[in-house]
Student: 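Have a look at this one.
Heavy-atom basis, side chains included; hydrogens, waters and symmetry copies ignored. Order of listing sets the numbers, starting from 1, for every ligand and every atom in it.
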Amino acid sequence: MDSYIIETYDLKKTLGNKKVLDGVSVKIKEKETFTIIGQSGVGKSVFLKHLIGLMRPDEGDIYIFGEKMDFDDEEKWNSVRKRFGMLFQGGALFDSLTVGENLYFVLENLKPELSEKEKIKAIKRALELVELKDTENLTVPSLSGGMMKRVALARAIVAEPAVVLFDEPTTGLDPITTASINELIFSLKNKINTTFIVVTHDIKSAKYISDRIAMIYKGKIIFIGTPDELSQTDNPYVVQFVNGLSEGPISA
Ligand SMILES: Nc1ncnc2c1ncn2[C@@H]1O[C@H](COP(=O)(O)OP(=O)(O)O)[C@@H](O)[C@H]1O
Ligand SMILES: [Mg+2]
């Protein structure tokens, strides 16, 4: 039987006068790479924020690690968030700290019980996993855009989270760096074997890294399935998005 790490039931959220989520139900399996795709502004980030308690739904339920979340229990959300690693668009590194210190900062907060030696070992391991061995002493401003993403990724996994959330991990990167980050996410997944939840509007990246893909359109999940099923669907909205056409049902 599948074991679910996160389940949402009929989530609804209106922001301003827009029904951003209009009944979103998904069950994310343990250890899968689950990707949410959809056009810009469709509510992908809003959905992700609901999963970590940064936004509360108007209606609906969320279960995390099999347990129903009480939206008023901030302490519970805090403890859940500690088990989530996050790679968010705006999640910049501290410029004034070295690469190693950026990771150390996370461990001090999330794993204060670790000894100095264990912390240093965890930092080394995380940097090796993102192929940045021996970069502890580099300063952040000296890094390229691709390296910064890698360090941000190392920071997201250094405390060995149960779930890693990615919001648009390749946005703003050139095609070559995008390909290398996708490759890294894919190989990292095989090495650390935790649940990955990815939000992207980049269909190529989604197909490459995902076990399952869900597409949001007009507040609802209109497709959910494997990358192969995505390629084979005849849902016109999905087909149009996947093919990147400018004419058709979405723009109509
Ligand atoms: N805090 C907020 N207040 C009001 N509207 C918001 C807020 N956050 C997002 N929205 C709106 O919700 C919609 C979905 O946004 P978002 O989830 O960021 O889209 P995307 O799919 O590009 O990640 C957009 O119309 C956005 O303007
Ligand atoms: Mg977004």
Student: Looking only at heavy atoms, what is the nearest atom pair of Pro161 and Ala156, with distance?
Tutor: CG-O, 3.4 Å
Student: Minimum heavy-atom separation for Phe84 to Leu165, with atom names?
Tutor: CD2-CD1, 3.8 Å
Student: Which is closest to atom 1 (N) of ligand 1 by heavy-atom distance: Met55, Lys19, His201?
Tutor: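 Shortest heavy-atom distance from atom 1 (N) of ligand 1: Met55.
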Student: When you measure from atom 27 (O) of ligand 1 to the protein, is at least one non-hydrogen atom found at a distance under 4.0 Å?
Tutor: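 Within 4.0 Å of atom 27 (O) of ligand 1, no protein heavy atoms are found.
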Student: Between Trp77 and Phe71, how do the two ring planes meet: parallel, tilted or perpendicular, split at 30° and 60°?
Tutor: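 Because their plane-to-plane angle is under 30°, the rings of Trp77 and Phe71 count as parallel.
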Student: Mind checking whether Gly41 has a heavy atom under 4.0 Å from ligand 1?
Tutor: yes
Student: Could you confirm whether Ser40 has any N/O/S atom lying under 2.8 Å from the Mg ion (ligand 2)?
Tutor: no
Student: Could you find the nearest protein heavy atom to atom 18 (O) of ligand 1 and give me its residue, atom name and distance?
Tutor: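 Of every protein heavy atom, Ser45 CB, 3.7 Å lies nearest to atom 18 (O) of ligand 1.
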Student: Between Glu32 and Lys27, is there a salt bridge with N-O shorter than 4.0 Å?
Tutor: no
Student: Identify, for atom 9 (C) of ligand 1, the protein heavy atom at the shortest distance, and state residue, atom and that distance.
Tutor: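 So the nearest neighbour among protein heavy atoms is Val46 CG2, 3.6 Å.
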Student: For atom 13 (C) of ligand 1, state whether the nearest protein heavy atom is under 4.0 Å away.
Tutor: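 Protein heavy atom within 4.0 Å of atom 13 (C) of ligand 1: present.
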Student: For atom 10 (N) of ligand 1, what's the nearest protein heavy-atom neighbour? Residue, atom name and distance, please.
Tutor: Leu15 CD1, 3.6 Å
Student: Which protein non-hydrogen atom lies closest to atom 25 (O) of ligand 1, naming both residue and atom, and how far is it?
Tutor: Lys18 NZ, 3.1 Å
Student: Has the side chain of Lys119 got a donor or acceptor atom that lies under 3.5 Å from a matching backbone atom of Leu114?
Tutor: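 Yes; judged by distance alone, with no hydrogens or angles, the pair exists.
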Student: Pull out every atom of ligand 1 sitting under 4.0 Å from any heavy atom of Gln39, numbered as shown with elements.
Tutor: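 Checking each atom against Gln39, I get 21 (O).
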Student: For a quick test of reading the model, state the closest non-hydrogen atom pair linking Asp22 to Lys218 and the distance between them.
Tutor: CB-O, 4.3 Å
Student: Counting from 1, what ligand 1 atoms have a heavy atom of Val42 closer than 4.0 Å?
Tutor: 19 (O), 20 (P), 21 (O)
Student: Ignoring hydrogens, what is the shortest heavy-atom contact between Val42 and Ile216? Give both atom names and the distance.
Tutor: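 Smallest interatomic distance, heavy atoms only, reads CG2-O, 3.5 Å.
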Student: How many angstroms lie between atom OG of Ser144 and atom CG of Asp174, to the nearest 0.5 angstrom?
Tutor: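 Ser144 OG to Asp174 CG: 9.5 Å, rounded to 0.5 Å.
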